[in-house]
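Working notes for the structure below.
Residue numbers begin at 1 in each chain, while the letters A, B, ... track the order of the sequences.
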Amino acid sequence: MAPALLHAVLAASIALCVAGVVWRVSGWLRLGIGPDARDATPWQRARAVLASLAAALASRRAPRVAGTFLLDALLLRRLFARQKLRAFAHLLVVAGITLLVLLHALAPIVTARLFPAYQPTLEPWLFLRNVLGAAALVGLAVLVAGRARDRARDGLPRRPFATAFAALLGIVLVSGFLLEAHKIASPRAFQRMADQFAAAAEPAELAALRALWARDYGVAFDARRDPVATTVTEQGIRLHESACASCHARPTSAFVSWPLARMMAPVTAFLDATHADAWLLHLHVLACLLGLATLPFTTFLHTLAAPASLLLDAVARSGASPGRAPAAAARAVRRTLAPDACVRCGLCDAGCSVAPLARFLDNPLLLPAHKLVATGAVARGRLPLSGDGDGRPAREAVRIADGAFLCTDCGRCTRACPVGLDLADLWDAGRGDLAASGLPGTATWMQARPAAAWADALARRAVPRSPDAVDATGALLSTDRRAFARCVQCQTCTNVCPVVAHGAMAATGVDLTPQKVMNLLRLGLADLALGSRMVWTCAACYQCQQHCPEGIRVADIMCELRSLAVERLGAVREERA
Amino acid sequence: MRYALFLGCKIPAALPAYECSTRAVLGHLGVTLVDLDFACCGYPARSYGRDAFVVAALSNLARAERAGLDVLTPCTCCYGTLRHAMRFFAEDAGLRSRVARALADQGLAWSGTTGVVHLLTVLAGTVGIARLTDAVRAPRTGLHVAAQYGCHALRPSDVTGIDNPMAPTIFETLIRATGATPVDWPRRLDCCGDPLHEADAALSGHMTRTKIVDAVESGAGTICTACPHCHLRFDAARATAPVPEVRTLLYTQLLGLAMGLAPGALGLPAGAEGSPGQGAAGAALAR
């Protein structure tokens with residue numbers, strides 16, 4: 001490739017990478033998760049983050065914040081605590097790629113300045129390149145294999161372009177090794193160098209040099225085309241020392257490329273004929289540049305977002321306060337960067353308190369990693385909560401709401417997260433957004449209409465009568481007549497009910513009483529009770545059940561009426577009252 | 001005395017003092033606590049159908065059974081939920097087979113050999129009042145304490161089985177063992193108001209405040225709890241409403257102080273609990 005074209009591609013890749021990063025990072029400031037997200041403008045949010053950083057760095061705890069950040073972000077302390085192999089593999093990849101970029105890709109800018117005698121074909125660079133490349137390749141393989149196993153076992157959500165980007169990294173590393181190996185074995189490369197640095201040498205001298213390079217440097221000469229002396233002579237050694245030795249060490253320390261060159265020797269002539277040194281180089285460089293250009297649009301943006309998250313987490317934990325409003329604005333940024341920082345490692349899902357429920361209800365949106373992906377999609381407007389704009393909640397949105405409101409706020413996901421996401425805060429904000437979109441918690445949407453309106457809606461839609469729903473909800477007590485037939489309407493349940501009593505005192509009141517609910521069941525009018533305030537504000541304190549002279553399980557029936565209501569009223573929920 | 005400790009969701013997230021005081025006190029009394037990979041007790045799923053809630057609850061008992069341990073929980077709400085799940089599983093053959101199948105899908109099984117006990121039962125029964133009294137080094141003499149039983153410890157008694165649901169004495173006996181004086185208060189068996197907080201915050205707050213006023217008017221300076229939900233609800237009501245100044249203290253903290261454990265080990269501010277009736281407001285109210 002012409003240098004001008006290469007430079008143009010390089011410039012375009014850098015421009016795309018920078019533009020992508022700016023776009024994605026600006027999303028952390030633009031997008032909103034949580035009802036209070038619009039309280040601060042993007043500019044105020046940016047300032048709030050800087051103010052938090054400044055407050056933490058100005059406080060006495062600054063060294064602690066810095067230490068926490070370095071241990072968590074660079075050494076992956078949190079991941080090490082839970083998954084040693086994965087953390088180690090990740091470290092191999094990060095260290096390998098970072099050092100290769102600095103020492104190898106940016107060699108003219110970095111290495112050559114630091115070490116004036118730098119030549120890529122001298123030690124220790126030859127050896128180092130192999131160490132770093134092998135480390136990155138091994139780490140990558142371990143991560144990809146582990147990921148495939150975890151995904152198959154735990155059903156983790158997909159990551160955008162993760163496989164493609166990992167494959168690209170693999171191509172960069174493998175093509176690098178192949179290129180190096182081919183250049184070791186290539187007579188064409190030897191000839192090009194000889195033309196340049198031993199142009200004055202006689203054919204006999206060159207033959208002697210070839211003998212040395214064939215023996216010690218692994219060049220796979222074809223003696224029919226390039227004469228090779230039968231033994232290494234003083235003449236060859238002299239020419240080598242004057243023309244080659246200052247820039248070339250024996251490549252035997254390149255423990256990947258050297259054996260690879262040996263293996264490739266039989267096909268070296270063929271590869272030379274195809275100009276493999278050129279196309280392997282192009283493949284290597286173009287794959288690098290493609291990776292650079294696409295990085296911000298893949299899950300590998302986490303290389304930026306995860307350390308940012310860990311930094312903000314360390315700052316938030318430092319206790320240094322930039323003030324109330326900036327703290328809230330900084331929290332808003334932590335929420336929006338969360339979907340980009342999350343690597344779907346699944347540690348949150350594995351320890352989730354409601355994991356058994358998620359499985360039983362067959363709703364993965366109960367699990368943190370899935371919830372996070374959905375929350376991010378909602379924030380980006382890719383997953384509308386309000387369906388087709390007629391006020392009906394979208395089906396997927398109802399499943400999201402189920403996941404959001406069944407969460408017990410136990411905080412385990414937040415404690416497990418290796419990238420320091422404040423998931424507890426994120427779930428709280430997400431519930432606020434859901435409520436604002438007409439998807440509040442069950443107890444709230446149920447109370448949006450009076451019990452009679454719900455019963456009317458059920459009658460209009462002819463949703464099968466309660467007893468038929470038994471299988472769906474596992475309800476029994478509230479639909480089996482034997483459970484309530486003995487009720488003599490003595491009102492003991494109502495008299496001992498604290499909700500009835502306090503409702504009268506607090507003037508919020510309930511519409512029915514426990515005894516009336518039992519009576520509706522007796523009369524076969526359960527639908528009239530499903531949306532009642534009595535059923536939905538029942539404290540399940542079991543006073544009624546404990547005191548019932550007929551042994552009716554009043555409170556258990558109340559609980560069952562709720563699950564019947566979720567099932568049946570959910571079916572007519574979208575209809576306007 | 002060896003149990004699997006079931007903390008539930010609320011304690012680790014919002015009331016870590018209950019965890020550390022429970023561990024400290026039981027540790028000193030020779031009770032070994034084992035940590036298992038527990039999940040939610042199932043309570044939030046009660047509105048999603050009985051099967052869902054029973055599966056969630058019994059997945060925990062299945063893990064305890066695998067470890068060959070009974071479950072000890074300091075959370076009264078979790079206690080009631082787990083006991084309810086056991087009852088539904090026992091009495092309903094259809095549900096039993098559906099739940100067993102769902103558990104098997106998750107690689108679990110529960111044959112009913114593990115049980116669930118409440119912290120108060122272990123302290124009063126298994127450890128025993130005599131041993132508690134022996135362990136007391138700094139009796140809380142002069143402290144007037146209202147026992148907050150918590151609904152799901154008492155009712156329905158055929159499920160919970162801790163004490164007589166109409167006239168329980170276990171909590172008062174435990175308070176007496178610390179040297180403190182339990183007070184009689186008319187609303188001691190009432191609901192704290194927590195379960196309906198989401199549905200009706202005003203009504204819930206009214207219930208909580210009414211109980212606090214009742215405890216204070218009955219001569220208590222401290223409300224003693226054995227459930228994170230009750231405890232946090234009282235704390236929230238104290239902080240947000242003009243109710244009489246009253247202390248809330250977890251029973252494990254009260255007992256730990258009486259045993260002479262450091263306040264810090266019980267999740268209490270260091271030094272603040274040196275003597276009975278501590279704190280200006282508490283002392284004034286500890287009539």
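Taking CZ of B/Arg98 as the start and CZ of A/Phe360 as the end, the distance is 8.0 Å to the nearest 0.5 Å. Once rounded to the nearest 0.5 Å, the distance linking CZ of B/Phe38 with SG of A/Cys410 reads 14.5 Å. Atoms CZ and SG, on A/Arg412 and B/Cys9 in that order, are 6.0 Å from each other to the nearest 0.5 Å. Between B/Arg46 atom CZ and A/Arg562 atom CZ the span is 9.0 Å, to the nearest 0.5 Å. Here the straight-line distance linking atom OH of B/Tyr48 with atom CG of A/Leu357 works out to 10.0 Å at 0.5 Å rounding. Atoms CG and SG, on B/Asp190 and A/Cys541 in that order, are 8.0 Å from each other to the nearest 0.5 Å.
Of all the heavy atoms in B/Leu189 and A/Gln543, the pair that sits closest is O-NE2, 3.5 Å. The nearest pair of heavy atoms linking B/Ala199 to A/Thr537 is CB-CG2, 3.8 Å.
Contact of A/Leu406 with chain B is made through backbone and side chain together, with heavy-atom distances under 4.5 Å. If you measure heavy-atom distances from A/Val499 to chain B, the contacts under 4.5 Å come from both the backbone and the side chain. Within the 4.5 angstrom heavy-atom criterion, atoms from both the backbone and the side chain of B/Ser157 approach chain A. With a 4.5 Å cut-off on non-hydrogen atoms, B/Leu154 touches chain A through its backbone but not through its side chain. Residue B/Arg101 does not touch chain A at all, counting heavy-atom pairs closer than 4.5 Å. Heavy atoms closer than 4.5 Å to chain B are found in the side chain of A/Gln545, but not in its backbone. Proximity to chain A is limited to the side chain of B/His84, based on heavy atoms less than 4.5 angstrom apart. At a 4.5 Å heavy-atom cutoff, B/Asp158 makes no contact with chain A through either its backbone or its side chain.
Heavy-atom pairs under 4.5 Å with chain B were tallied for A/Gln447, A/Arg553, A/Met446; the largest tally goes to A/Arg553. No other option in B/Gly193, B/Pro156, B/Gly94 has as many heavy-atom pairs under 4.5 Å with chain A as B/Pro156. Among B/Pro44, B/Ser47, B/Cys151, the residue with the largest count of heavy-atom pairs under 4.5 Å with chain A is B/Ser47. Ranked by heavy-atom pairs under 4.5 Å with chain B, the first of A/Thr442, A/Val566, A/Asp402 is A/Asp402. The residue among B/Ser59, B/Ala102, B/Ala52 with the most heavy atom pairs within less than 4.5 Å of chain A is B/Ala52. Most heavy-atom pairs under 4.5 Å with chain A, from the set B/Cys41, B/Ser204, B/Pro195, B/Ala39: that is B/Ala39. When the candidates A/Ala443, A/Ala539, A/Gly411, A/Ala424 are compared by the number of heavy-atom contacts under 4.5 Å with chain B, A/Ala539 comes out ahead. Chain A forms the most heavy-atom pairs under 4.5 Å with one residue out of B/Gly42, B/Gly80, B/Pro165, B/Ala56, and that residue is B/Pro165.
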Could you walk me through whether B/Arg50 and A/Glu567 pass the salt bridge (Lys or Arg N to Asp or Glu O under 4.0 Å) test, one step at a time?
CA-CA 12 Å; B/Arg50 226 156 38 131; A/Glu567 178 80 16; over 6 Å; no

For A/Tyr542 and B/Val159, what are the C-alpha separation, side-chain angles and deciding distance, and is it a side chain to side chain contact (heavy atoms under 4.5 Å, CB included)?
CA-CA 11 Å; A/Tyr542 284 92; B/Val159 169; over 6 Å; no

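Side-chain contact between A/Arg359 and B/Asp105 is absent, with no heavy-atom pair separated by less than 4.5 Å. Between A/Val354 and B/Cys40, some side-chain heavy-atom pair lies under the 4.5 Å cut-off.
At most 12 heavy atoms of other shown residues, nucleotides or ligands fall within 6.0 angstrom of atom NZ in B/Lys10. Within 6.0 Å of CZ in A/Arg482 there are 12 or fewer heavy atoms belonging to other residues, nucleotides or ligands.
Between the side chain of B/His152 and the main chain of A/Ala540, a donor-acceptor pair closer than 3.5 Å is present. Side chain of B/Gln106 to main chain of A/Pro356: a donor-acceptor pair is present (N/O by atom type, distance under 3.5 Å, no hydrogens or angles).
A salt bridge links A/Arg533 to B/Asp200: at least one charged side-chain nitrogen sits closer than 4.0 Å to a carboxylate oxygen.
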